[in-house]
Amino acid sequence: MSIIGIIGGSGLDNPDILQSPTDERVSTPYGDLPSPIRVGSMGGHTVCLVARHGREHTVPPTQVNYRAVISALRQLGCTGILSTTAVGSLREDIRRGDLVVLDQFIDFTRHRPISFHEGFQPHSPVHTPMAEPFHNGLRGLLVKACKDLGIRHHERGTVVTIEGPRFSTRAESNMFRLWGADVINMSIAPECILANEAAIPYASIAMSTDYDCWKTDEPPVTWDDILAIFRQNAEKVTNVLIRAIGGMN
Ligand code: ADE
């Protein structure tokens with residue numbers, strides 16, 4: 001039996017997916033978490049679920065205490081983390097409602113603590129490798145779950161994480177496309193970076209909710225558009241998580 005962390009993104013953080021749930025308050029050297037951690041069972045494993053933006057969605061992306069989240073999941077003994085996130089699509093073929101199993105990120109954030117290592121021990125610098133930031137074993141479980149459930153998905157994708165909370169300008173959106181990003185969000189960096197620093201395998205299932213603003217044949221993204229697509233598709237993400245965790249040893 002493993003202990004798995006789930007970090008739920010906007011609209012994709014339903015705490016009712018666990019059996020026999022209890023709420024745990026964990027204190028960390030980095031301060032408070034955006035929400036209590038709901039601990040329960042799923043598929044024979046213990047699951048620790050955190051709502052990234054708080055249960056009432058009161059914490060904007062810049063203010064999420066990513067270090068406290070990862071630190072708390074480490075304290076609870078998590079040996080893997082699956083995260084969910086809503087993303088805008090930067091590619092025609094990544095349609096609204098599609099799921100993307102991310103394999104790379106570009107960090108375009110500017111105002112967040114991005115490391116646990118704020119001071120080095122003498123002659124012991126820490127420079128964490130980040131060439132393959134998403135864990136391939138966990139990614140494989142997410143891909144398999146999408147296939148088993150017959151859900152339209154993309155087996156890989158590069159996400160660019162922006163600071164937010166504003167959306168991008170059209171010039172930025174076009175630039176991200178030229179850079180090779182496939183989808184855009186406001187939260188994978190530094191969460192994925194910190195999980196790597198903490199040596200906890202991390203993977204993410206992203207739901208495409210909009211085409212950002214690079215497409216000129218439709219209006220630019222709004223939060224209401226995103227919410228509407230979440231509501232229609234959230235169950236897919238939940239089912240993928242349940243299936244993937246059920247497939248773990
Ligand atoms: N999350 C969902 N859609 C987004 C977009 N277009 N930009 C940034 N974050 C998003």
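Owing to the predicted nature of the structure, the values given are computational and were not obtained by experimental measurement. One-based numbering, in listed order, for ligands and for the atoms of each.
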> Find the distance between CD1 (Ile200) and CG (Leu138) and round it off to the nearest 0.5 Å.
11.0 Å

> Tell me whether Asn233 contacts the main-chain N or O of Ile229 through its side chain, where contact means a donor paired with an acceptor under 3.5 Å.
yes

> Which is it for Arg91 and Asp98 under the salt bridge (charged side-chain N to carboxylate O under 4.0 Å, His left out) test, yes or no, and what are the steps along the way?
CA-CA 12 Å; Arg91 305 280 160 214; Asp98 284 5; over 6 Å; no

> Heavy-atom distances under 4.0 Å decide this one: backbone, side chain, both or neither, for Thr85 against ligand 1?
neither

> Do any N or O atoms from the side chain of Arg112 and from the backbone of Glu163 form a donor-acceptor pair under 3.5 angstrom?
yes

> Among all protein heavy atoms, pick the one closest to atom 9 (N) of ligand 1 and tell me residue, atom and distance.
Asn185 CA, 3.4 Å

> Report the nearest protein non-hydrogen atom to atom 3 (N) of ligand 1: residue, atom name, distance rounded to 0.1 Å.
Asp210 OD2, 2.7 Å

> For Arg177, is there an ion pair with Asp212 - N to carboxylate O distance below 4.0 angstrom?
no

> Drop me the distance from Cys146's SG to Leu141's CG, to the nearest 0.5 angstrom.
11.0 Å

> Which residue and atom name correspond to the protein heavy atom nearest atom 8 (C) of ligand 1, and how close is it?
Met186 CE, 3.7 Å

> Among all protein heavy atoms, pick the one closest to atom 10 (C) of ligand 1 and tell me residue, atom and distance.
Ile184 O, 3.6 Å

> Does ligand 1 come near enough to Gly88 that some N or O of the ligand is less than 3.5 Å from an N or O of the residue?
yes

> Can you tell me which residue and heavy atom of the protein come closest to atom 1 (N) of ligand 1, and the distance to 0.1 Å?
Ala86 O, 3.3 Å

> Under 4.0 Å from any heavy atom of Thr209, which atoms of ligand 1 are there?
2 (C), 3 (N)

> Would you mind checking if Glu155 and Arg139 are paired as a salt bridge, meaning a charged N to carboxylate O distance below 4.0 Å?
no

> Can you name the atoms of ligand 1, numbered from 1 with element, that are less than 4.0 Å from a heavy atom of Asp212?
5 (C), 6 (N), 7 (N)

> What atoms of ligand 1 come closer than 4.0 angstrom to any heavy atom of Ile226?
2 (C), 3 (N)

